[in-house]
K.L.:
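Would you mind keeping the following structure in view while I ask a few things?
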Amino acid sequence: PGLLIGPGQTLSRDIDGADLAARVFAGVRLHRYLAIEAGWVDIGEIEALVPGITPDAQMEQVPTTVETSGWEVDLVGTWPVNRDFEVFGKLGLINWDSDLTAGGAGAAGSDGSDIAYGIGADYIGTGRLRFRIEGMVYDLDGFDESVTVTASVSYALRFGR
């Protein structure tokens with residue numbers, strides 16, 4: 001939780017915060033209970049103070065920013081509760097990219113592919129118009145989990161019968 005640098009002085013090494021997230025997605029319903037979705041997610045920008053060493057070898061807290069976004073693909077299992085409402089669970093992969101800026105200068109970047117999972121609910125308004133709320137967890141390697149909660153409106157296109 002912290003780095004002891006002197007009597008009663010610690011430097012935090014945690015980056016913990018909140019920001020607005022954004023998602024754009026499209027999907028295909030394969031069956032009444034199964035769909036595949038793919039899209040892009042901007043997990044947000046987190047700002048924190050982390051330990052650093054000044055040029056004169058002093059410990060200090062450095063303002064740090066981490067921005068993360070990525071492409072994801074998810075398998076979606078749905079369960080119709082009634083005619084107008086269904087719940088779902090998602091399991092998929094995210095190919096993410098994260099940029100870290102420390103002290104106002106670009107310091108490092110990281111990327112990878114990791115597990116994503118979540119739950120949510122759809123309200124089927126007019127049959128084609130849907131209102132959705134969902135929570136997703138992105139288990140990014142080298143980071144703690146990133147949790148997003150999104151609300152969206154989608155429009156269903158019908159193909160075939």
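All figures in this text were calculated on a predicted structure; none of them were measured in a lab.
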K.L.:
Got more than 12 heavy atoms from elsewhere within 6.0 Å of CD1, I119?
P.N.:
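No - once you tally the heavy atoms of other residues, nucleotides and ligands closer than 6.0 Å, there are 12 at most.
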K.L.:
Can L34 be reached from V73 by stepping across I, L, V, M, F, W or Y side chains whose heavy atoms are under 4.5 Å apart?
P.N.:
yes
K.L.:
Give the C-alpha distance, both sets of side-chain angles, the deciding distance and a yes or no for side chain to side chain contact (heavy atoms under 4.5 Å, CB included) between D99 and T101.
P.N.:
CA-CA 7 Å; D99 295 319; T101 305; 5.5 Å; no
K.L.:
Where is the tightest heavy-atom contact between D74 and A116, given as atom of each residue plus distance?
P.N.:
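Heavy atoms of D74 and A116 come nearest at OD1-CB, 4.2 Å.
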K.L.:
Is there a side-chain contact between V41 and S69 (heavy atoms, below 4.5 Å)?
P.N.:
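They are not in contact (no side-chain heavy atoms under 4.5 Å apart), so the answer is no.
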K.L.:
When rounded to the nearest 0.5 angstrom, what distance separates OG in S154 from CG in D122?
P.N.:
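Here the rounded value is 6.0 Å.
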K.L.:
Please evaluate residues L20 and D42 with respect to the criterion side chain to side chain contact (heavy atoms under 4.5 Å, CB included), reporting the C-alpha separation (whole Å), side-chain torsions for both, the decisive distance (0.1 Å), and the verdict.
P.N.:
CA-CA 9 Å; L20 292 176; D42 179 355; over 6 Å; no
K.L.:
Looking at every non-hydrogen atom in both residues, tell me the closest pair between A35 and R29 and how far apart they are.
P.N.:
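Smallest heavy-atom distance, with atoms named: CB-CA, 3.9 Å.
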K.L.:
Any link between L91 and I43 through a network of hydrophobic side chains (Ile, Leu, Val, Met, Phe, Trp, Tyr) touching at under 4.5 Å?
P.N.:
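In one cluster: no.
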K.L.:
In the single-linkage hydrophobic clustering (I, L, V, M, F, W, Y; side-chain heavy atoms under 4.5 Å), do I115 and V147 co-cluster?
P.N.:
yes
K.L.:
Would Y123 end up clustered with V153 when hydrophobic side chains under 4.5 Å apart are linked, directly or stepwise?
P.N.:
yes
K.L.:
So, the side chain of T150 versus the backbone of A22: is there a donor-acceptor pair under 3.5 Å, distance only?
P.N.:
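No.
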K.L.:
What about M136 and L140, same hydrophobic cluster or not, with Ile/Leu/Val/Met/Phe/Trp/Tyr joined at side-chain heavy-atom distances under 4.5 Å?
P.N.:
yes
K.L.:
For R130, is there an ion pair with E86 - N to carboxylate O distance below 4.0 angstrom?
P.N.:
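Salt bridge between E86 and R130, a charged N being under 4.0 Å from a carboxylate O: yes.
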K.L.:
Please give me the minimum heavy-atom distance between S98 and T68, naming the atom from each residue.
P.N.:
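Looking at all heavy atoms of both residues, the shortest contact is OG-OG1, 3.0 Å.
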K.L.:
Working to the nearest 0.5 angstrom, can you tell me the gap between E72 CD and N95 CG?
P.N.:
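Result: 11.0 Å between the selected atoms.
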K.L.:
Check for me whether the distance between the ring centres of W96 and Y138 falls short of 6.0 Å.
P.N.:
no
K.L.:
Report yes if the side chains of S152 and R23 come closer than 4.5 Å at any heavy-atom pair, otherwise no.
P.N.:
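Side chain of S152 against side chain of R23, heavy atoms only: no contact under 4.5 Å found.
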K.L.:
Does W79 form a ring-ring contact (aromatic ring centres under 6.0 Å, His included) with F88? I'd like the steps, not just the answer.
P.N.:
CA-CA 6 Å; W79 185 260; F88 61 87; over 10 Å; no
K.L.:
Run the side chain to side chain contact (heavy atoms under 4.5 Å, CB included) check on V81 and V87 step by step: do they pass?
P.N.:
CA-CA 7 Å; V81 175; V87 294; 4.2 Å; yes
K.L.:
Tell me if a side-chain donor or acceptor on N82 pairs with a main-chain N or O of D84 at a distance below 3.5 Å.
P.N.:
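Such a contact is found between N82 side chain and D84 backbone.
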